[in-house]
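Some notes on the structure that comes next.
In what follows, chains are A, B, ... by sequence order, proteins preceding strands, each numbered from 1.
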Amino acid sequence: MKNTAIEVLAVKNLKKSFILHNQNSIELPVFDNISFSLKEGECLVLAGPSGTGKSTLLRSIYGNYLTHFGEINIYHNQSWINLVEATPHSILNVRRQTLGYVSQFLRVIPRISTLDLVAEPLLEQGETEVHSINRAKDILQKLAIPETLWDLPPATFSGGEQQRVNIAITFVKEFPILLLDEPTASLDQKNKQAVIDLIINARDKGTAIIGIFHDEYVRNAVGTSIFDIEEAKHAA
Amino acid sequence: MTMSLQNPLLKVENLSHYYGDQIGCENINFDIYNGEVLGVVGESGSGKTTLLKLISGLLCPNAGSVAFDTRIEGLRDIYKMSEPERRLLMRTDWGIVYQNPKDGLRMNVSAGANIGERLMAIGNRNYANIRSDSSDWLEKVEMDLERMDHFPETFSGGMLQRLQIARNLITKPRLVFMDEPTSGLDVSVQARLLDLVRGLVSKLGIACVIVSHDLGVMRLLSHRLMVMKSGKVVEQGLTDQVLDDPQDPYTQLLVSSILPV
Ligand SMILES: Nc1ncnc2c1ncn2[C@@H]1O[C@H](COP(=O)(O)OP(=O)(O)OP(=O)(O)O)[C@@H](O)[C@H]1O
Ligand SMILES: Nc1ncnc2c1ncn2[C@@H]1O[C@H](COP(=O)(O)OP(=O)(O)OP(=O)(O)O)[C@@H](O)[C@H]1O
Ligand SMILES: [Mg+2]
Ligand SMILES: [Mg+2]
């Protein structure tokens, strides 16, 4: 890890609540006044009991959930951008270049082979076909997806296989910042280890990571610091 | 596909259109960038087709402007151009895939002639080249080459939509408008057609405005989503954000009233 690591993400006084318009417009507060920052090579573990808002926080940072109050500052393309105020167009650019996200479930276009799905993010950023396919094969191998499955769409794969494909689609690129929502939830010990190795490898190359890991073994293996949302809520 | 931070390809400002007292659409604002897919959803009669016609040069708005990033002069209001200029744009830089293929095809000429028509319209006179380009495109939309000389009347709904797509994409437009390109097709044909559209659009880096009421389709196909109701845009944003964290009461209803997408 670098010792003069620089900051790449800073959340300030972030608030998120849901307003349910079709249920008497009740407001469901999730968190308020959340502040923390993240450096290169750091793996920040989000902790707190079920329902505290760990996934909500990750989704808010990714722009999948909309926030109106506070700041989400991301170091992108040599400058800072506050995603709370950014246009959808800018957020798409941040997602393409800077911010990767592994959600809990795979959601992809039907009919496309696993290999093509994994190669696509590289093709999209202008890499050659050969390079993209080779990188895709390499990552699928690392995640122990049997070669016999590569030409098939993942729709019929097991839960654990789909989860690993999901991880491959994100890790095939080298994002400066990664958001991981329980990436090892449905994996057995051997496959868990493969994912841990990938995460540690990325982290040690300087990738900044925020992750939710229910599994204590995984958490201890990859985490470098902890942010407890429940405590942060009471401190606020 | 690389998306640039430069100027928008299409800039729509305060766009309104009325049919007599009836609102077609009102005060619409948005930009589209190169390579971006914008989805438009909303209930029947909400103004989706009206909006698509306004922004594709088919219907002159009562108010507001539609500017397109022309190759030579940059952003220009398409309704302040001369008719021939606008027609040229429609044949070259734009493509329109109609909900009803009969509106977008010439039913009394062969498939090959339908596909080649735009090349001829822009002055191409080498018939051998036109024919070979046309058959290339027939293949790209996954149709049998022997269909080249058949008339559209003998085609199925899915094939007609493929033909429309080939006919439009042959001039490598920068912006394609599609109005419910898969409605009326059975589910498996829909899925194949959408894969095809998505593949072509992402390979060629074409920007696209797609009207559909199928939110599942929109999640997979569009980068950004616009939700319309009674002629107005009630919400727009990143597609996954609008579907997973809708802000407007109508969008919340729309999203919750369907199966998970
Ligand atoms: N799209 C949404 N609309 C309305 N409420 C939501 C939405 N997403 C999350 N919530 C609510 O926000 C709260 C926090 O949920 P979240 O999923 O972030 O918890 P979590 O900490 O990740 O829990 P777990 O450990 O069980 O995954 C919950 O009360 C949840 O019901
Ligand atoms: N040529 C016309 N003359 C008069 N009214 C029209 C005309 N075209 C559309 N309208 C009206 O304008 C409103 C918007 O129609 P539009 O066709 O844009 O809806 P839409 O969202 O495309 O609906 P659908 O999903 O059913 O295709 C409707 O109330 C419609 O009746
Ligand atoms: Mg969660
Ligand atoms: Mg319509």
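Among B/Leu221, B/Asp248, B/Thr239, B/Leu220, the residue with the largest count of heavy-atom pairs under 4.5 Å with chain A is B/Leu220. Contacts with chain B were tallied for A/Gly63, A/Ser25, A/Pro88; A/Pro88 has the most, counting heavy-atom pairs under 4.5 Å.
A side-chain donor-acceptor contact under 3.5 Å links B/Gln236 to the backbone of B/Asn29.
Heavy-atom distances place the side chain of A/Ile91, and not its backbone, under 4.5 Å from chain B.
With salt bridges taken as basic N to acidic carboxylate O contacts below 4.0 Å, one links B/Asp244 and B/Arg219.
The side-chain tip of A/Arg95 points at the ring of A/Tyr62 from less than 6.0 angstrom away and within 45° of straight on.
Residues passing the salt bridge (charged side-chain N to carboxylate O under 4.0 Å, His left out) test with A/Lys16 are B/Asp245, sequence neighbours excluded.
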